[in-house]
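For ligands, and for the atoms within them, numbers begin at 1 and follow the listed sequence.
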Amino acid sequence: MKITQVRLGRISTPLRVPFKTALRTVNSVEDVIVELHTDTGAVGYGEAPPTGVITGDTTGAILGAIQDHIAPALLGRDLDEFEDLTAAVQKALVHNTSAKAAVDMALWDLLGQKYSAPVYRMLGGARRNIVTDITISVNPPEEMARDARTAVQRGYDCLKVKVGIAAVRQAVGRDIKLRIDANQAWNAKQAVRILNQMQEKGLDIEFVEQPVPAADLEGMQYVTRHADVPVLADESVFSPADALRIMQTGAADLVNIKLMKCGGITNALRIAAAAEVYGVECMIGCMLEAKISVNAAVELACAKKIITKIDLDGPVLCSEDHILGGAVFDEKNITVSDAPGMGIQGFVPGKVSYLD
Ligand code: MG
């Protein structure tokens, strides 16, 4: 199976409601699509959202990285060189982890198709169903409380919130899990004070995501030691080396794996392997992404028991689905596809604008 063409396109998916965080407001998911075509007719699919404020990867940067650097490293090569191909993706240029993730997942898709097995099975996975949380968009507290109640009515039993935590806890009661994402907002001493106050008030926080700036690993270690809430590292962890450093120094209790930060399934497996060695449980998360790339994260989550927390709400935040096949996203319940590879069968006609 030889790679004959790397085809690029763009796809736009409207959100149910505008998504707001401290950094931005977004009305639709605008993703880059990658298709790896082969001489057997098999097509591997990948996807990357341009999340400039987190990864630095813009639409132009993703397209340019694939077109000018990654595609030339793959064209004409055989899938049997799989290890070398995944390494070539990572070595093609520095950074640009979203572009690398999109191509890496397309290679895994092809590998599964070649051997007629779903990717999660190739990785040794046994579970087919996972349960995701949902993020409550940043709004005035009363609006967040209402959105939180609506989410619970839709069946969610775990909510992720960025602000308005007291209002949300009051709205949903004690049985719903609340995880919070500080998105680097505090310094270490502030974080400890705020988190301990929250617990004293009975807000019962499951864990806090990235309380301090990404580069402040000593600060995060201080919070991990002194706060009465488990700490999950997100923006501090891009590469496997980042994850390893955090595990070695005990800078966080948990690590958030995102394919767009680490550069795809191949590197995510390296993070998961380190986490298994250190006994550090992982969350798997996504950006605002449509179904191909979140589907790849689902394959991984179904294969690795060290991934105990699921934050894959990208597809359920969208009001339309232009992608055929893959995992079934039914509110909090996600069921992985048993089709070979990633199970993606293409797109609703006319929804992808191809570059060629
Ligand atoms: Mg986060």
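Between Asn196 and Glu200, the side chains place no donor N or O within less than 3.5 Å of an acceptor N or O (distance only, hydrogens not considered). Checking Ser12 against Glu30 by side-chain atom types alone, a donor-acceptor pair falls below 3.5 Å.
Protein N/O/S atoms closer to the Mg ion (ligand 1) than 2.8 Å number 3 in this structure.
A salt bridge links Asp181 with Lys160: the distance from a Lys NZ or Arg NE/NH1/NH2 to an Asp or Glu carboxylate oxygen falls below 4.0 Å. Salt bridge Asp234/Lys261: present, at least one basic N to carboxylate O contact under 4.0 Å. A salt bridge links Asp80 with Lys114; the closest basic N to acidic carboxylate O contact falls under 4.0 Å.
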Donor-acceptor contacts, no H, no angles, side chain residues 135-147, under 3.5 Å, sequence neighbours left out:
residue : atom : partner : partner atom : Å
Thr135  : OG1  : Asp313  : OD2          : 3.3
Ser137  : OG   : Lys20   : N            : 2.8
Asn139  : OD1  : Lys20   : NZ           : 2.8

